[in-house]
Amino acid sequence: MTAVSDRVRDYSHGPIQHRDAASSPLFRRVRTIGVLLGAWRVVRENGLSSPNQRTRSEVRSFEPSALRHLRRIQTDLKSGRFEFDPQIGILQPRPGKKPRPIVVATLKNRIVQRAILDVVQDTPVIQQILATPTSYGGIKGRGRDEAVLTAYEAANQSATFYLRSDIADFFTGIPREKVHTYLATSISDHEFLRLFRSATETELSNMAQLRSDLDHFPVHEIGVAQGCALSPLLGNVLLSEFDKSLNGRGIVCLRYIDDFLILGRNRRSVLRAFESARILLNNLGLKAYDPRERPDKAAMGDVDSGFDFLGYNVRPGMIRPSQKSQTAFRNRIQRAVADGRRDLRRTFDQQTAQNGLASILCDISNVVRGWGHSFALCNSRDITSDLDEFVDRQINDLLHLHTTLRNQASALTARRLIGVQLLEDIPNKPFVLRMP
């Protein structure tokens, strides 16, 4: 225990000090250009699809000189000058729920965090944890679809009762020190562990502006930033004993990050397993919602009646999107159509190039395509047919408005309403011809 304590105690803040690379093989791997380049590719792909405009712009600005930026990161890591940038905290409101604390990190932070993840996942201790067959999320090859399919298989076999819950305030409640101490017992690379620790800390540049809302963010010893590449890993390490203990003796417990589903042969055995789960979580400073107290956060009942899990409704012989997921899809289509109607009216009223019908329909199609891929496991054609009919009705309303406005518009505005570019709407760049 003394060796572990000494190793942990020496992790101070500040730049990562340069030491003999031979004694730090993991740290040396993180700073190789191959690992950094692989991390950048993942960060780039995620960043370009981010809903945050600032993140997308940062990725586009970084990309033309990506190799030069990566070389600078590599040099700073080698020389001991590397430091993680302060991040920005954004409190995202949620109707009827606690606000979600979003931490926006710089590209430099995300690249190095991803590089650390890629390296640490190859260590034996982490590979053993990630091999747990009932743990999903943050694990390559075992994501949401695999978790739902496993639940479906259990529902079609011996399980007759279920209990679904999630861990309250999971990411902001993770005791980081427990994870760091655990890793220090199995990984002897001091410099790598120090970099890992720094990568999981949250320092905000806008703490003064957040004021009383600062307590929502993991700026102290407890919690990790939701969205950080390393956060799911910390959760999986922390809950590795949870995953092992709750499976067996006729019980199947499937966990996806902070959501878990207990399936068993009867109500009594499932509730007994849930009490064991609560004890394990309480020992970690965490808690799970009890469906008898919080039916809005958890549920239990007969498997034959179906259960919601990770956006799906599962029952013997059927997997389909949950009612909540279907409602969310309808709402997204209605918002897209409402935005389209607004853009068409603006184009007509102002006779300027706004979003025309072509781009509006493209936006709607992207919503349908994204949602359809996300729920590709659905084997109920009635559900997809009903939702397609709903989309058709929404599009027909949009087309009716477009026809009405186009019949009243000038030839130029009619083309703008279609969404085909006009040459006269493209700004000219006048120049003065120099005479010899």
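The figures that follow rest on heavy atoms only: side chains count, while hydrogens, waters and symmetry mates do not. Nothing here was measured: the structure is a model prediction, and the numbers come from that model.
Residues Gln127 and Leu130 have side chains not in contact (no heavy-atom distance under 4.5 Å, counting atoms from C-beta outward). Taking 4.5 Å as the limit, every side-chain heavy atom of Thr200 sits out of range of all side-chain heavy atoms of Gln113. Using a 4.5 Å cut-off on side-chain heavy atoms (C-beta onward), Ile319 and Leu149 make contact. Contact of the Gln334 side chain with the Phe390 side chain is registered, since non-hydrogen atoms from C-beta on lie closer than 4.5 Å. When side chains are defined from C-beta on, Arg164 does not count as touching Phe307, because their heavy atoms never get closer than 4.5 Å.
Inspection of the Thr134 and Asn247 side chains reveals an N or O donor paired with an N or O acceptor under 3.5 Å. Using a 3.5 Å distance cut-off with no hydrogens or angles, the side chains of Tyr136 and Thr150 do pair a donor with an acceptor. Side-chain contact annotation: Ser322 with Asp308, donor-acceptor N/O pair under 3.5 Å absent. In this structure, a donor-acceptor pair under 3.5 Å is absent between the side chains of Asp302 and Ser305. No hydrogens or angles considered: a donor-acceptor pair under 3.5 Å links the side chains of Asn236 and Arg255.
In the displayed structure, Gln128 atom CD is contacted under 6.0 Å by at most 12 heavy atoms of other residues, nucleotides or ligands. Within 6.0 Å of CD on Glu293 lie more than 12 heavy atoms contributed by other residues, nucleotides or ligands. By the neighbour-count criterion of 12 heavy atoms within 6.0 Å, atom CZ of Arg315 is densely surrounded, having more than that number from other residues, nucleotides or ligands. Other residues, nucleotides and ligands contribute only 12 or fewer heavy atoms inside 6.0 Å of the CD atom of Glu45. In this structure, Lys287 places its NZ atom where only 12 or fewer heavy-atom neighbours from other residues, nucleotides or ligands lie under 6.0 Å away. Residue-environment remark: CZ (Arg211) stays at or below the threshold of 12 foreign heavy atoms within 6.0 Å.
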Legend entry - Audit row: Glu424, Arg416, salt bridge (Lys or Arg N to Asp or Glu O under 4.0 Å) steps and yes/no: CA-CA 11 Å; Glu424 75 170 47; Arg416 294 183 184 110; 3.4 Å; yes
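Listed here is the closest heavy atom pair of Ala288 and Leu281: CB-CD1, 3.7 Å.
Cation-pi geometry between Arg144 and Phe375 is satisfied (NZ or CZ under 6.0 Å from the ring centre, within 45° of the ring normal).
Under the 30°/60° scheme for interplanar angles, the aromatic rings of Trp40 and Phe62 are found to be tilted.
Distance check, rounded to the nearest 0.5 Å: CD1 of Ile395 to CD1 of Ile333 gives 7.5 Å. A distance of 4.5 Å separates CD1 in Ile73 from CD1 in Ile111, rounded to the nearest 0.5 Å.
The distance between the ring centers of Phe260 and Phe242 falls below 6.0 angstrom.
For Arg369, the side-chain contact (heavy atoms from CB on, under 4.5 Å) test picks out Ser365, Asn366, His373, with sequence neighbours left out.
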